[in-house]
Amino acid sequence: MGIDKDKELSGNGPNGNEERGGERGLDFIRQMVADDVQSGKWGGRVATRFPPEPNGYLHIGHAKSICLNYGIAAEFGGEFNLRFDDTNPEKEEQEYVDSIIEDVRWLGAKWDDRLFYGSDYFGRMYEYAIELIRKGKAYVCDLNGDQVREYRGTLTQPGREKSLYRNRTVEENLELFERMRKGEFPDGAKTLRAKIDMAHPNLNMRDPIMYRIVHETHHRQGDKWCIYPMYDWAHGFEDSIERITHSICTLEFENHRPLYDWFIDAVNDGRTDDGSGPWGKKIHHPQQIEFARLSLTYTVMSKRKLLKLVKENLVRSWDDPRMPTISGMRRRGYSPSAMWSFAKVIRVNKFNSTVDIALLEHCLREDLNKTSPRVMAVLKPLKVIIDNYPEGKVEELDAINNPEDPSAGTRKVPFSRELYIEQEDFMEEPPKKFFRLAPGREVRLRYAYFITCTDVVKDAGGNVVELHCLYDPATRGGDAPDGRKVKATLHWVSAPRALKAEVRLYDNLFTKPDPEDVPEGQDFTANLNPNSLEIVADCRVEPSVAGAAPLTRYQFERLGYFCVDPDSTAGKLVFNRTVTLKDTWAKIQQSQQQG
RNA sequence: UGGGGAAUAGUGUAAUGGUAGCACAAAUGACUCUGGAUCAUUUAGUCAAGGUUCGAAUCCUUGUUCCCCAGCCA
């Protein structure tokens with residue numbers, strides 16, 4: 001078995017159901033791209049990228065960005081690059097690189113042979129830095145961290161223009177920068193800074209740091225470098241080198257755009273279109289565009305918070321099915337196409353908003369309903385004995401695999417004298433609107449027979465432990481020849497033939513829509529939902545699922561969507577509940593309890 | 001009290017000077033061998049005040065509210 005990669009994305013995904021030019025209009029980014037293609041900017045070429053820093057696992061917010069960037073490339077016939085923005089050796093690890101590659105691939109974004117690392121461009125960035133020094137646009141600064149902050153000024157006060165180091169000669173700067181690169185100075189001793197304007201109203205423009213000294217082994221470059229470029233200095237060149245046309249990032253980088261442009265313009269200053277002159281040919285200047293990052297109710301999205309949940313063992317791991325990480329959602333049972341349709345319905349904008357998790361779950365159900373094979377499983381078993389059914393007899397009854405997809409066919413399900421049904425499907429004293437099994441009441445067992453409850457067996461504590469029923473042989477398959485109706489259809493499994501399984505039920509990780517809504521002095525972990533995981537150890541599943549591979553998805557009829565967890569062993573299946581079915585009865589019950 | 005952004009039903013969004021639509025959520029009903037799915041119906045909105053215009057969510061003015069920026073993180 002296993003997951004068919006092509007099937008995962010069929011009918012949906014980046015190339016399915018496009019609405020470009022359709023009745024709904026383009027989002028503002030696609031509109032810009034369309035305009036640029038129309039006007040012939042960059043020769044009509046479109047190139048996007050997804051540029052994660054490998055310092056954590058990807059989450060659903062990154063999925064939004066991947067869908068945006070890859071989606072645009074696919075829709076406009078452009079190229080999409082996967083690029084690691086690995087400019088800080090202190091936070092980055094190979095483990096994160098590997099997980100990111102796996103996640104982006106799973107989502108279905110295709111980068112072909114264009115997997116890049118920002119750190120592979122360090123040599124060229126170094127050359128650009130020397131060029132800026134030669135042009136008098138950059139200098140080596142000896143200020144320490146505190147002094148840098150002090151000299152920068154504040155939001156309302158300009159920085160100090162007068163710095164001892166700002167007026168160093170080109171020769172001195174060249175020599176010092178070379179010595180920085182050679183490792184002659186300790187961490188923090190010197191920086192290379194751009195000479196812009198210490199009184200600029202945008203703090204980012206007050207002589208931003210281009211390089212800092214970090215004596216640390218880089219996960220990819222090893223000890224080749226001890227000076228590392230800052231984001232602002234590095235990112236534009238990464239985009240430029242890869243000839244990205246539309247550099248899409250999140251809103252908080254809006255203030256950085258002037259700097260993004262300044263650095264590339266600074267290199268281009270003195271360069272020419274044909275490469276004549278001392279500085280050579282102009283380099284490519286991409287367009288930075290910002291959009292709002294995703295927030296979801298009942299969860300947290302920042303890497304810092306997700307890391308805390310993992311490090312403090314508040315969840316099992318990065319891929320805990322309760323996590324909003326792509327790996328967690330994959331393990332939970334999410335499909336790539338559900339992620340794509342979610343990305344499509346939330347669209348992109350320039351203002352912060354919080355999407356209701358119910359919308360995500362709607363997209364999930366919509367996809368799983370169409371694609372998931374149905375099976376019967378009993379989470380909390382209650383033994384049922386059919387007194388008038390022959391002992392030892394087993395019938396193989398036909399069951400439909402997916403009513404939404406006739407091509408999925410049918411399967412055989414064994415029926416026997418002893419069965420299990422769901423404890424919740426029986427009540428000795430049923431309240432109004434409870435249609436399921438009760439003493440003297442007739443219901444249907446799905447695809448099997450009508451049964452009527454005749455006796456209730458209890459233990460010493462008064463708990464119902466066993467039911468005795470009679471079946472009507474004429475209703476085989478589930479229809480009564482005399483046309484009589486029942487109000488409920490129950491799922492069931494054969495007691496001797498069912499498989500044992502463990503099922504893990506998940507609920508929201510947090511009890512409040514906004515986990516940050518906490519009393520003074522507490523943090524978001526105060527809102528952790530103590531019931532976000534319920535392990536049901538002794539479940540029963542119909543035998544057809546035997547040997548199912550990890551991540552195989554099913555609908556357990558009447559219960560929800562479930563998938564096989566990698567913790568499963570040959571002897572014992574473990575399932576994760578991905579999401580419940582919509583449960584009208586639960587709502588009725590709730591309103592009955594409330595009043 | 002500097003600079004940069006943004007405001008449309010409960011939520012997410014569309015309408016690019018011309019009927020304020022869609023989806024989710026909620027509610028009601030129909031149908032049903034999943035209280036699922038499906039179908040139908042209902043509730044509910046342009047931040048505020050002025051102005052331009054035959055006509056404004058859209059343009060102008062003023063105000064209000066929210067977000068981002070003072071890492072040698074990204």
Side-chain angles (χ1 to χ4, degrees), chain A residues 23-27 31 51-53 55 85-88 90-92 141 143-145 148-150 152-159 187-193 200-206 208-214 227-228 230-232 234-235 249-258 290 292 297 303 345-363 365-366 369-370 374 376 399-400 403-404 433-436 444-448 450 475 477-479 485-491 513 555-560 580-588:
Chain A
E23 66 289 349
R24 287 187 69 199
L26 301 181
D27 61 63
Q31 186 62 59
E53 183 190 15
N55 68 344
D85 197 9
D86 52 351
T87 56
N88 182 359
E90 292 176 307
K91 291 186 175 180
E92 297 155 6
C141 178
L143 259 31
N144 67 31
V148 167
R149 194 176 314 119
E150 191 189 326
R152 183 161 35 223
T154 67
L155 292 178
T156 51
Q157 304 205 310
D187 288 7
K190 286 182 166 34
T191 56
L192 183 73
R193 302 178 69 175
H200 198 106
N202 181 343
L203 290 283
N204 294 131
M205 301 296 275
R206 318 240 262 230
I209 290 171
M210 296 160 62
Y211 278 94
R212 76 280 207 185
I213 299 171
V214 183
I227 55 170
Y228 286 88
M230 297 288 290
Y231 168 85
D232 288 302
H235 204 89
C249 62
T250 45
L251 239 33
E252 66 269 27
F253 292 103
E254 249 170 339
N255 295 329
H256 294 245
R257 185 164 12 111
E290 310 85 11
T297 55
K303 271 183 191 168
V345 315
I346 61 174
R347 295 178 71 107
V348 285
N349 244 315
K350 290 204 68 155
F351 46 91
N352 298 302
S353 56
T354 303
V355 178
D356 192 336
I357 191 98
L359 184 52
L360 212 209
E361 292 181 344
H362 164 77
C363 294
R365 289 192 185 100
E366 189 176 50
N369 177 49
K370 284 189 225 125
R374 272 63 169 169
M376 291 197 283
I400 294 165
E404 304 293 319
K433 292 188 182 171
F434 182 87
F435 303 143
R436 284 112 96 144
R444 171 168 39 233
L445 294 181
R446 189 143 161 93
Y447 301 123
F450 285 14
T475 58
D479 284 308
K485 302 281 184 196
V486 288
K487 291 197 86 171
T489 300
L490 308 186
H491 61 276
Q555 184 197 95
F556 289 178
E557 294 227 24
R558 301 209 305 135
L559 296 175
T580 61
L581 255 22
K582 281 201 210 160
D583 191 346
T584 315
W585 167 239
K587 273 183 197 167
I588 294 169

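In what follows, chains carry the letters A, B, and so on, assigned in the order in which the sequence lines appear, proteins first and then strands, with residues in each chain numbered from 1.
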Integer-rounded Å distance: C66(B) C1' and Leu251(A) CG: 12 Å
If you count heavy atoms of other groups shown closer than 6.0 angstrom to NZ of Lys350(A), is the number above 12? yes
Rounded to the nearest 0.5 Å, what's the gap from OG1 on Thr489(A) to CZ on Phe450(A)? Could you check? 7.5 Å
Check the phosphate of G71(B) against Asn88(A), side-chain N and O only, distance under 4.0 Å to OP1 or OP2. Yes or no? no
I want to confirm an ordering. Mapping Ala189(A) and Glu252(A) to their closest nucleotides on RNA chain B, which one lands closer to the 5' end? Glu252(A)
hbond_proxy Asp356(A) side chain to C24(B) base (donor-acceptor, 3.5 Å cutoff): no
Check whether the aromatic ring of Phe351(A) stacks on the base of A6(B), taking stacking as ring centres less than 5.5 Å apart and planes within 30° of each other. no
Side-chain atoms of Thr584(A) come closest, of G3(B), G35(B), C69(B), to G35(B)
When you compare C22(B) with A44(B), how far apart are their C1' atoms, in angstrom units rounded to a whole number? 14 Å
What is the nucleic acid contact for Glu290(A), judged by heavy atoms within less than 4.0 Å: base, sugar-phosphate only, or nothing? nothing
Residue pair Leu143(A) / Arg193(A): nearest heavy atoms and the distance that separates them: CD2-NH1, 3.9 Å
When we call it a touch if two heavy atoms are under 4.0 Å apart, what does Thr354(A) touch: a base, just sugar-phosphate, or nothing? sugar-phosphate
Any idea if G4(B) is syn or anti, going by the 90°-from-0 cut? anti
From CD of Glu557(A) across to C1' of A37(B) the rounded distance in Å is 11 Å
Is Arg558(A) close to Leu490(A) at the side-chain level, that is, under 4.5 Å between some pair of heavy atoms? yes
Starting at atom CG of Leu359(A), determine the distance to atom C1' of G10(B), rounded to an integer number of angstrom. 14 Å
For a quick test of reading the model: is some side-chain N or O of Arg152(A) closer than 4.0 Å to OP1 or OP2 of G71(B)? yes
Would you classify Pro403(A) as touching base, sugar-phosphate or nothing, given that sugar-phosphate means primed atoms plus P, OP1 and OP2, and contacts are heavy atoms under 4.0 Å? base
Does Glu53(A) come within less than 4.0 Å of Lys303(A), counting only side-chain N to carboxylate O? no
Heavy-atom nearest nucleotide on RNA chain B taken for Asp232(A) and for Phe435(A); more 5' hit belongs to Phe435(A)
Only stems of 3 or more consecutive Watson-Crick or G-U pairs count here, both distances under 3.5 Å; name the ones for RNA chain B, or none. B:2-7 with B:64-69, B:10-13 with B:21-24, B:26-30 with B:38-42, B:47-51 with B:59-63
Heavy atoms under 4.0 Å, any strand shown: does Gln157(A) hit a base, just sugar-phosphate, or nothing? nothing
Return no unless some side-chain N or O of His491(A) is found under 4.0 Å from OP1 or OP2 of U34(B). no
Can you tell me, in whole Å, how much space there is between the C1' of A48(B) and that of U65(B)? 10 Å
Any side-chain heavy-atom pair of Asp85(A) and His235(A) under 4.5 Å: yes
With a cut-off of less than 4.0 Å, is there a side-chain N or O of Lys350(A) near OP1 or OP2 of C68(B)? no
Determine the contact category for Asn55(A): base if any of its heavy atoms lies under 4.0 Å from a base atom, sugar-phosphate if only primed atoms, P, OP1 or OP2 are that close, otherwise nothing. nothing
If we take the P atom in both G2(B) and G51(B), what is their distance in whole Å? 29 Å
Between Phe434(A) and Trp585(A), does the ring pair (Phe, Tyr, Trp, His ring centres under 6.0 Å) criterion hold? Intermediate values first, please. CA-CA 8 Å; Phe434(A) 182 87; Trp585(A) 167 239; 5.5 Å; yes
For the side chain of Ala358(A), counting heavy atoms from C-beta on, which of C24(B), G35(B), A37(B) is nearest? C24(B)
Using whole Å, what does the distance between atom C1' of nucleotide C66(B) and atom CG of Asn349(A) come to? 15 Å
For C24(B) versus G18(B), give the span between their P atoms, rounded off to a whole number of Å. 28 Å
With the side chain of Arg446(A) defined as its heavy atoms from C-beta on, choose the nearest nucleotide among G3(B), U34(B), A74(B). U34(B)
With rounding to whole Å, what would you report as the distance between A56(B) and A49(B) at their C1' atoms? 15 Å
What's the gap between U46(B) and G10(B) when it is taken at their C1' atoms, as a whole Å value? 16 Å
Taking atom P in both G71(B) and A7(B), what distance in whole Å separates the two? 29 Å
Between Lys582(A) and U34(B), is there a side-chain N or O to OP1/OP2 distance below 4.0 Å? no
Got a donor-acceptor pair under 3.5 Å from the side chain of Asn255(A) to the base of G3(B)? yes
Does any N or O donor sit under 3.5 Å from an N or O acceptor when you compare the side chain of Glu404(A) with the base of G36(B)? yes
Least distance between heavy atoms, His491(A) atom then Glu557(A) atom: ND1-O, 3.5 Å
Do the side-chain N or O atoms of Thr489(A) get closer than 4.0 angstrom to the phosphate oxygens (OP1, OP2) of U32(B)? no
Do Leu360(A) and Val355(A) come close enough that some side-chain heavy atom pair is under 4.5 Å? no
Rounded to the nearest angstrom, tell me the gap between atom CG in Asp27(A) and atom C1' in A23(B). 16 Å
Among the nucleotides C72(B), G35(B), A70(B), whichever has the atom closest to the side chain of Phe434(A) is G35(B)
Protein-nucleotide distance (Ile357(A), atom CD1; C24(B), atom P), rounded to Å: 17 Å
Counting just side-chain N and O atoms, does Arg347(A) come under 4.0 Å of either OP1 or OP2 of A14(B)? yes
Mind checking if Lys91(A) touches a base, just sugar-phosphate, or nothing, with heavy atoms under 4.0 Å? base
Would you mind telling me which of A27(B), A74(B), A70(B) lies closest to the side-chain atoms of Lys587(A)? A27(B)
Rounded to whole angstrom, note down the P distance from U58(B) over to A6(B). 15 Å
Nucleotide of G12(B), G36(B), G5(B) approaching Ser353(A) most closely (side-chain heavy atoms): G12(B)
Can you see if the side chain of Arg558(A) gets near the phosphate of A37(B) - specifically, an N or O under 4.0 Å from OP1 or OP2? no
Quick one: Ile209(A) CD1 to A70(B) P, roughly how many Å, whole number? 13 Å
What's the CG-C1' distance between Leu360(A) and A25(B), to the nearest Å? 14 Å
Test salt bridge (Lys or Arg N to Asp or Glu O under 4.0 Å) on Arg257(A) and Glu290(A) and set out the steps. CA-CA 9 Å; Arg257(A) 185 164 12 111; Glu290(A) 310 85 11; 2.6 Å; yes
Could you tell me whether the side chain of Leu559(A) reaches within less than 4.5 Å of the side chain of Leu581(A), counting heavy atoms only? no
Any side-chain N or O of Arg374(A) under 4.0 Å from OP1/OP2 of U34(B)? no
